[in-house]
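Please read the structure below before turning to the comments.
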Amino acid sequence: MKEALLVTTKRGDATDCARLPPSNGCSLGRRDDSMPVTVNVTSVIQQAVNGQREFKADGGTIRELIDNIDRDYPGFAGRITDDKGEMLRFVNVYLNDEDVRYLGGKDTAIKDGDTVSFLPALAGGM
Amino acid sequence: MVEQPKTNSAALSPDEVMRYSRHIIMGQVGPQGQRKLRAAKVLVIGAGGLGGPVALYLALAGVGTIGICEFDTVDLSNLQRQVLHQTADIGRPKLVSATEKIKAHNPHVEVVGHPMPITSDNAMEMIAGYDIVVNGADNFATRYLVNDAAYLSGKTLVDGAILLFDGQATVYKPGSGCYRCLYPDPPPPGLVPSCAEAGVLGAITGLVGSIQATEVFKQILGIGNPLVNRLLLIDALTMEFRTMKVRRDPSCPLCGDNPTVTELIDYDAFCGSPPLTLPDGTLAAATH
Ligand SMILES: [Zn+2]
C-alpha cells in the first residue's frame, strides 16, 4: 500500500491532487501531510503561515515551493522576495543546511525528503 | 583604559587554583589554560540579556579583562531576563550594576567600562585593546558596526541574537565569513521587531549567552571545534538545535575579494534606509 502511494506522489500531479478534496479519488487520498518537502520558518515569517513553525509543502524548485506556499498563505512570497521577485537579502533560505545563494538561488532543485528553512535576520540581544 | 594584564607566566595563587579547580583539573584547561584565560581580554557589547550571562560566565571562568560597552540604565522590564541586575538597581547605570555583580562574583577579574554607545567614531579604538569581541547588541545598526569593526581590526567576533523563542549563535573569524556574508543587507526599519516590541523568553538569553561564553572559552584555549562557518539555530519551543552552513561570500562588500567597505560607515543610515535603488540609480544603502 505504501509503495502504491509513493507511485502516485510523483511531483506534478501531487500539487494539483493536494488541492482537491480527498473524495475525488485523486492519488489514494494524497493530502498535505504526504507532501514531500518539510518547511521550517522562524519568528517573523511564522506570522505569514498561520503561526506554524513547520509544515509540509511541495515544489520542484525553491521558486515553485515559494509560489505554492504563497497560494496557500497569500502574502508569504512577499516576506521572502521583493517586488521584482528577487530574494530579500535579510532573509536566508536554506536547502537542508546549505544557503541556496550558494546553490542555484530560486532555481535550486528540491527533492523529496528535503527541508527548506526560511530565516530572517534577528537583532535582539538585550 | 585597558589595564596591563597579569603576565601569562605568573603562577596562579592558591586562591585561584582552588577557585578554578574544576576547570584546571580538566586536561583541556590545566594551569596553563587557566593562565591563558587570565591573560585574555574580551569586549562584551551590551550588559543586558546576552551580555549579562556572557560577562558573568567569563568572569567566573577567570577571564582576566572583561570590557563592557553599555550606556543604558536598568529598567524594571529588564529584570525578567537580565541576570546581572536586581530590583534595587532600577534606575542605575547597567555598567555600574554589572561591574559590581561581576566583582562580587570574582574579584580577580578586571572590568573595563565603556559607558557610551559603540559608534563609528569610537569602535576601532575600543576594540583595539581586546582579543575577542562578543556581540550582545539589540539592533541591526550596532550589529553591522560591530561586525565591520571586528573584521577591520582582525578580531574574532562571537555573535548571538534572540527574539521570541528563537536564538542564534555563530563565530566570525576574519577570513571565514562575516555577518554581511550571512545577511548582506539589514531589513527595512520596522520589519523585524525588537525584543521590546515582540517579546523574548528570558531563559533563552541564558541559553544563547552561555553558548557565546563557551565559544569565547574555546577560542582562548584553542580547544574543540568552534562555531565558525556554522550558524546555530535554537528553537526553544521544540527544543531543537540545528546548524546551517555559513560561508565567506566572495562578493561580500567587507570580507569579499573586492571589498568596498574598508572603513566604518554611517550605520544608522545603512540600516535606516531601505536597501533599494533610488530613482536616480544610486544605492541608498551603499552611499554612506
Ligand atoms: Zn563578509
Side-chain angles (χ1 to χ4, degrees), chain A residues 37-56 62 65 75-106 108 110 113-126, chain B residues 45-52 72 78 81-82 94 135-143 159-168 179 181-188 191-196 198 200 205 208-209 230-231 233 235 237-238 240 242-247 249 271 275-276 285:
Chain A
V37 180
T38 302
V39 179
N40 264 297
V41 298
T42 59
S43 51
V44 195
I45 296 177
Q46 209 180 331
Q47 298 157 0
V49 291
N50 286 351
Q52 299 173 97
R53 304 282 296 186
E54 185 176 303
F55 56 96
K56 300 286 183 179
I62 295 291
L65 183 75
F76 176 81
R79 304 285 186 122
I80 315 294
T81 53
D82 65 16
D83 302 347
K84 300 184 195 96
E86 295 300 317
M87 298 219 280
L88 295 170
R89 285 155 65 89
F90 51 87
V91 178
N92 285 348
V93 183
Y94 296 89
L95 175 59
N96 302 317
D97 66 348
E98 185 67 79
D99 188 333
V100 301
R101 280 186 294 160
Y102 299 103
L103 300 171
K106 290 214 306 173
T108 303
I110 313 171
D114 281 340
T115 297
V116 176
S117 306
F118 296 95
L119 297 178
L122 297 188
M126 295 297 192
Chain B
I45 306 298
L50 292 178
D72 205 1
N78 299 149
R81 64 196 179 285
Q82 299 187 7
K94 282 187 183 178
N135 212 344
D138 65 347
N139 63 81
F140 285 105
T142 307
R143 286 184 179 275
D159 211 358
I162 47 173
L163 185 68
L164 299 158
F165 295 91
D166 288 309
Q168 300 183 346
Y179 189 60
C181 295
L182 186 64
Y183 293 110
D185 289 333
L191 199 93
V192 175
S194 67
C195 294
V200 63
T205 60
V208 175
R230 291 182 291 152
L231 173 66
L233 303 171
D235 177 350
L237 289 177
T238 58
E240 282 182 333
R242 298 184 294 150
T243 49
M244 301 296 178
K245 286 185 184 139
V246 177
R247 292 177 185 279
D249 181 356
C271 294
L276 298 173

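Per chain, numbering begins at 1; letters A, B, ... match sequence-line order. All heavy atoms count here, side chains included; hydrogens, waters and symmetry mates do not.
- Summarising the geometry of A:Ser117 relative to B:Met244, their closest heavy-atom pair is OG-CE, 3.5 Å, with the distance given to 0.1 Å.
- No part of A:Leu88 comes within reach of chain B, as not one of its non-hydrogen atoms sits under 4.5 angstrom from that chain.
- For the set B:Gly48, B:Ala137, B:Gly46, the entry with the most heavy-atom pairs within less than 4.5 Å of chain A is B:Ala137.
- Of the atoms belonging to B:Leu163, heavy atoms from both backbone and side chain fall under 4.5 Å from chain A.
- In this structure, B:Cys195 and A:Gly125 approach most closely via the heavy-atom pair SG-N, 4.5 Å.
- The candidate from B:Pro184, B:Gly51, B:Ser194, B:Ala161 with the greatest count of non-hydrogen atom pairs under 4.5 Å with chain A is B:Pro184.
- For the residue pair A:Thr115/B:Arg242, the side-chain donor-acceptor check at 3.5 Å is not satisfied.
- In terms of heavy-atom proximity, A:Ala121 sits nearest to B:Tyr179 at CB-OH, 4.1 Å.
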For this session: Apply side-chain contact (heavy atoms from CB on, under 4.5 Å) to the pair A:Tyr102 and B:Asp249, showing each step before the final yes or no.
Result: CA-CA 9 Å; A:Tyr102 299 103; B:Asp249 181 356; 3.2 Å; yes
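- Of the atoms belonging to B:Thr243, it is backbone heavy atoms, and not side-chain ones, that fall under 4.5 Å from chain A.
- If you measure heavy-atom distances from A:Asn40 to chain B, the contacts under 4.5 Å come from the side chain alone.
- A salt bridge links B:Asp235 with A:Arg53: at least one charged nitrogen is closer than 4.0 Å to a carboxylate oxygen.
- Of the possible donor and acceptor atoms, one in the side chain of B:Arg143 sits under 3.5 Å from a partner among the backbone N and O of A:Gly124.
- Chain A forms the most heavy-atom pairs under 4.5 Å with one residue out of B:Val200, B:Leu182, B:Asp72, B:Leu233, and that residue is B:Leu182.
- Annotation: side chain of B:Arg247 is in contact with side chain of A:Glu98 (closest heavy-atom distance under 4.5 Å).
- For chain A, the option among B:Asp166, B:Leu231, B:Asn139, B:Asn78 with the highest count of heavy-atom pairs below 4.5 Å is B:Asp166.
- Heavy atoms of B:Arg230 lying under 4.5 Å from chain A are absent altogether.
- In terms of heavy-atom proximity, B:Gln168 sits nearest to A:Leu122 at NE2-CG, 3.8 Å.
- The shortest heavy-atom contact between B:Tyr183 and A:Pro120 is OH-O, 3.4 Å.
- Taking all atoms of both residues into account, the shortest heavy-atom contact from B:Pro186 to A:Phe90 is O-CD2, 3.6 Å.
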